[in-house]
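One structure is given below, encoded as structure tokens.
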There are 2 protein chains.
Amino acid sequence: MKNPIADLNKIFDSRIRLGVMSVLVVNNEIGFNDLKQMLELTDGNLASHLNTLEQAEFIKVHKGFIGRKTSTTYSITALGKQAFKAHLDALEKMIRKL
Amino acid sequence: MKNPIADLNKIFDSRIRLGVMSVLVVNNEIGFNDLKQMLELTDGNLASHLNTLEQAEFIKVHKGFIGRKTSTTYSITALGKQAFKAHLDALEKMIRKL
DNA sequence: TAAAAGTGCTTTGTTTTTCAAAGTTAAATA
DNA sequence: TATTTAACTTTGAAAAACAAAGCACTTTTA
């Protein structure tokens, strides 16, 4: 039997980053505050996890306005989609033995 | 939309503990060294994760002998099976939106 | 118009978690 | 007898997670 965890992506070990990605897969764009409320996080905590995902180029940021109010939204990148899918495939392979 | 990560079990955030559980689900008993080789871990690292799982009563230890040589094996408990399944269900629910 | 509140962070510092390395005890093998 | 193996425990360092506070800016409210 080979190492069942070797293909899991370390970035997605975090439940929060997993949650962000899962939200971004179904919402092609979501705001900082919506995400914050959805995942029940403090600003700093969310911001740092978003930063990790951005560094990995799994998500990208859009800074814009709603009317004249600033609004930051996030979306998943092609690379992010691919990496997330690969992770889920690895997870599935790992547990399909059930 | 409600918090998609609320039902994930914190104990299974760790890829290693996830790996241990997934191995134990299909092997009703496995030895320390087999697990160590399978997951490619140092003794101390594996031992401490096994300890976490044991504290949670998700696995149990059997200390015995092969001939007169000590042999430690691990198996999953009913509680562990249940908790692991609940975690996988939560994961699945989270990603079935795809 | 002054105060309060919201947005989206960054910074700071603490707590928690992870991990490798070394030490340990007892038995097995060369 | 010396070395090796099994299965840890202990120690300590590094990394990660997190809350709280601060901040710059804008908008809303009193």
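This structure is a prediction, so every number in the text was calculated from the model and none was measured. Naming convention: chains lettered A, B, ... in sequence-line order (proteins, then strands); numbering from 1 in each chain.
The side chain of B:H49 contributes no N or O atom lying less than 4.0 Å from OP1 or OP2 of C:dT17.
Applying the side-chain hydrogen bond (donor to acceptor under 3.5 Å, both in side chains) rule to pairs touching residues 6-19 of chain B yields A:D13-B:R15, A:R15-B:D13, B:R17-B:H49, sequence neighbours excluded. Note on residues 76-85 of chain B: pairs passing side-chain hydrogen bond (donor to acceptor under 3.5 Å, both in side chains), not counting sequence neighbours, are B:K85-B:D89.
If you check every strand for non-hydrogen atoms under 4.0 Å, A:S71 touches sugar and phosphate atoms only. At the heavy-atom level, A:K63 lies under 4.0 Å from the strands shown only through sugar-phosphate atoms.
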Practice prompt. Would you check, one step at a time, whether the test side chain to side chain donor-acceptor pair (under 3.5 Å) holds for B:H62 with B:T72?
Written response: CA-CA 6 Å; B:H62 315 271; B:T72 308; over 6 Å; no

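Between the CG atom of B:L50 and the C1' atom of C:dT18 there is a distance of 15 Å, rounded to whole Å. One interatomic measurement links the two molecules: CD1 of A:I5 to C1' of C:dC19, which rounds to 13 Å at whole-angstrom precision.
Think of the region where chain A sits on DNA chain D: with heavy atoms and a 4.0 Å cut, that region ends 5' and 3' at D:dA17 to D:dT27.
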Can you pull every protein N or O that's under 3.5 Å from an N or O on nucleotides 21-23 of chain C?
none

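In this structure, CD1 in B:I16 is found 8.0 Å from CG in B:L46, a value given to the nearest 0.5 Å. For the atom pair CE of A:M21 and CZ of A:F58, the computed distance is 6.5 Å after rounding to the nearest 0.5 Å. Separating the CG atom in B:L88 from the CG atom in A:L91 is a distance of 8.0 Å, to the nearest 0.5 Å. With rounding to the nearest 0.5 angstrom, the CD1 atom of A:I30 is 11.0 Å from the OH atom of A:Y74.
Listed in residue order, the members of residues 9-18 of chain A having a heavy atom less than 4.0 Å from DNA chain C come to none.
Evaluation of the side-chain contact (heavy atoms from CB on, under 4.5 Å) rule for B:E57 yields B:L79 as partners, not counting sequence neighbours.
Of the possible donor and acceptor atoms, one in the side chain of A:N27 sits under 3.5 Å from a partner among the backbone N and O of A:V23.
Defined by atom type and a distance below 3.5 Å, a donor-acceptor pair is missing between the side-chain atoms of A:S75 and A:E29.
Ranked by how close their nearest DNA chain C nucleotide is to the 5' end, B:E40 and A:N33 are led by A:N33.
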